J.: 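Below is one structure. I have some questions about it.
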Amino acid sequence: VQLQASGGGPVQAGGSLRLSCASSHRVVSFNVMGWFRQGPGKQRELVASVTPDGTTFYVDSVKDRFAISIDNAKNTMSLEMNSLKPEDTAVYFCNGQRGPSIYWGQGTLVTVSS
């Protein structure tokens, strides 16, 4: 299983970005998929997750600003990020759990300038 993240880049505070994670396997085959991030000097944290039935989770700091979704036809997972803040600056990783195995995509850097 391979996950390929894309969509990061520089953005000004208040702006938006859309991250995408392409999966080599059907996204519905995952128990759960999610986005993690690791900011400078910080531990990796779960940002948002989604299950095949559409159940979502968001960390409090991104609620009402970020939206996670999966596209079964394209086998992708996306993270729409709005009202970005400098504290959202981090390397973002996509992640999927399939059975007992956990898979990670490479990180994509999001840099939010004030």
Side-chain angles (χ1 to χ4, degrees):
V1 176
Q2 292 186 338
L3 301 175
Q4 180 79 28
S6 62
V11 63
Q12 289 192 330
S16 298
L17 277 178
R18 183 179 180 88
L19 305 183
S20 184
C21 178
S23 171
S24 62
H25 284 58
R26 296 170 64 232
V27 291
V28 294
S29 69
F30 288 90
N31 305 115
V32 60
M33 297 188 76
W35 288 95
F36 286 71
R37 68 185 178 186
Q38 187 164 14
K42 298 180 181 179
Q43 290 188 329
R44 190 174 298 191
E45 66 169 348
L46 174 63
V47 176
S49 65
V50 61
T51 59
D53 68 357
T55 300
T56 57
F57 164 84
Y58 297 94
V59 70
D60 285 347
S61 59
V62 308
K63 281 181 180 177
D64 300 323
R65 298 190 298 123
F66 290 11
I68 191 171
S69 61
I70 53 175
D71 185 326
N72 294 323
K74 296 181 179 179
N75 288 324
T76 58
M77 174 182 63
S78 296
L79 184 68
E80 184 73 32
M81 305 186 294
N82 300 307
S83 302
L84 283 161
K85 304 175 180 180
E87 50 263 44
D88 294 318
T89 293
V91 179
Y92 284 72
F93 301 87
C94 60
N95 163 285
Q97 181 179 352
R98 192 166 180 259
S101 301
I102 295 175
Y103 303 92
W104 291 92
Q106 90 292 357
T108 185
L109 177 63
V110 173
T111 304
V112 184
S113 59
S114 56

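Numbers for residues simply follow the sequence, beginning at 1. All values reported here derive from a predicted model rather than from experimental measurement.
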J.: Indicate if I68 and F93 have the same hydrophobic cluster label, given that clusters are the connected sets of ILVMFWY residues with side-chain heavy-atom separations under 4.5 angstrom.
T.: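 No; F93 is not reachable from I68 via cluster members.
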J.: Answer yes if M81 and F36 sit in the same cluster of Ile, Leu, Val, Met, Phe, Trp and Tyr residues linked by side chain heavy atoms under 4.5 Å apart, and no otherwise.
T.: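 M81 and F36: separate clusters.
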J.: Walk me through whether K85 and D88 qualify under salt bridge (Lys or Arg N to Asp or Glu O under 4.0 Å).
T.: CA-CA 5 Å; K85 304 175 180 180; D88 294 318; over 6 Å; no
J.: Which heavy-atom pair separates S24 from Q2 by the least distance, and what is that distance?
T.: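 In terms of heavy atoms, the two residues are closest at OG-N, 2.7 Å.
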J.: In this structure, are over 12 heavy atoms from other groups packed under 6.0 Å from N72 atom CG?
T.: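 Yes, CG of N72 has more than 12 neighbouring heavy atoms, counting only those of other groups under 6.0 Å.
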J.: Taking only residues two or more places apart in sequence or in another chain, which ones pass side-chain hydrogen bond (donor to acceptor under 3.5 Å, both in side chains) with T51?
T.: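 By the side-chain hydrogen bond (donor to acceptor under 3.5 Å, both in side chains) rule, T51 matches D53.
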J.: How would you list all residue pairs meeting disulfide (SG to SG under 2.5 Å) that involve residues 40-82, not counting sequence neighbours?
T.: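 Those involving residues 40-82 do not exist here.
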J.: Quick one: side-chain hydrogen bond (donor to acceptor under 3.5 Å, both in side chains) partners of R26, sequence neighbours excluded?
T.: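 If we apply the side-chain hydrogen bond (donor to acceptor under 3.5 Å, both in side chains) test to R26, skipping adjacent residues, there are no hits.
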J.: Test of understanding: with side-chain hydrogen bond (donor to acceptor under 3.5 Å, both in side chains), list the residues that count as partners of N82, not counting sequence neighbours.
T.: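 Testing N82 for side-chain hydrogen bond (donor to acceptor under 3.5 Å, both in side chains), a comparison that skips the adjacent residues, returns S16.
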J.: Within a strict 4.5 Å, meaning less than it, do heavy atoms of the I102 and F30 side chains meet?
T.: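 Answer no - side chains too far apart.
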J.: Suppose the criterion is side chain to side chain donor-acceptor pair (under 3.5 Å): which pairs have a residue in residues 97-114, not counting sequence neighbours?
T.: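 Every side chain to side chain donor-acceptor pair (under 3.5 Å) pair that includes a residue of residues 97-114, provided the two are not neighbours, is S29-R98.
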J.: Do V59 and V50 sit in one hydrophobic cluster, given that two such residues count as connected whenever their side-chain heavy atoms are within less than 4.5 Å of each other, even indirectly?
T.: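 Linked, V59 and V50 end up in one cluster.
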J.: Check C21 against W35 and note the closest heavy-atom contact, atom names and distance.
T.: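 The pair with the smallest heavy-atom distance is CB-CZ2, 3.6 Å.
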J.: What are the two closest heavy atoms between T76 and S20, and how far apart are they?
T.: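 Nearest heavy atoms, T76 then S20: CB-OG, 4.2 Å.
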J.: If I take atom OG1 from residue T89 and atom CG from residue L109, how far apart are they, to the nearest 0.5 angstrom?
T.: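 Here the rounded value is 8.0 Å.
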J.: With sequence neighbours left out, write down each residue that passes side-chain hydrogen bond (donor to acceptor under 3.5 Å, both in side chains) with Q38, or none if nothing qualifies.
T.: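 Expected list: none.
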J.: Report, as yes or no, whether the 6.0 Å neighbourhood of atom CD on Q12 holds more than 12 heavy atoms from other residues, nucleotides or ligands.
T.: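 No, not enclosed.
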J.: Y92 and I70: same hydrophobic cluster, using ILVMFWY side-chain contacts below 4.5 Å?
T.: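 In one cluster: yes.
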J.: Starting from the C-alpha separation in whole Å, work towards a yes-or-no answer on side chain to side chain contact (heavy atoms under 4.5 Å, CB included) for L46 and F57.
T.: CA-CA 9 Å; L46 174 63; F57 164 84; 3.6 Å; yes
J.: Heavy-atom distance under 4.5 Å between the side chains of L3 and M33, does that happen here?
T.: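 Contact flag for L3/M33 side chains = yes.
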J.: When clusters are formed by joining ILVMFWY residues with side-chain heavy atoms under 4.5 Å apart, either directly or through shared neighbours, do V27 and V1 land in the same one?
T.: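 Same cluster: V27 reaches V1 through Ile, Leu, Val, Met, Phe, Trp or Tyr contacts under 4.5 Å.
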J.: Where is the tightest heavy-atom contact between G99 and N31, given as atom of each residue plus distance?
T.: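 Distance-wise, the nearest heavy atoms are N-OD1, 2.8 Å.
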J.: A48 and Y58: which non-hydrogen atoms are nearest, and at how many Å?
T.: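 In this case the closest contact between A48 and Y58 is CB-CD2, 3.6 Å.
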J.: Taking all atoms of both residues into account, what is the closest heavy-atom pair of A90 and R37, and its distance?
T.: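 The pair with the smallest heavy-atom distance is CB-CB, 3.8 Å.
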J.: Taking side chain as C-beta onward, heavy atoms only, is R18 less than 4.5 Å from S78?
T.: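 The answer is yes, as the side chains (C-beta and beyond) meet within the 4.5 Å cut-off.
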J.: Taking the side chain as every heavy atom from C-beta outward, state whether L19 and V110 have any pair of such atoms under 4.5 Å apart.
T.: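 They are in side-chain contact.
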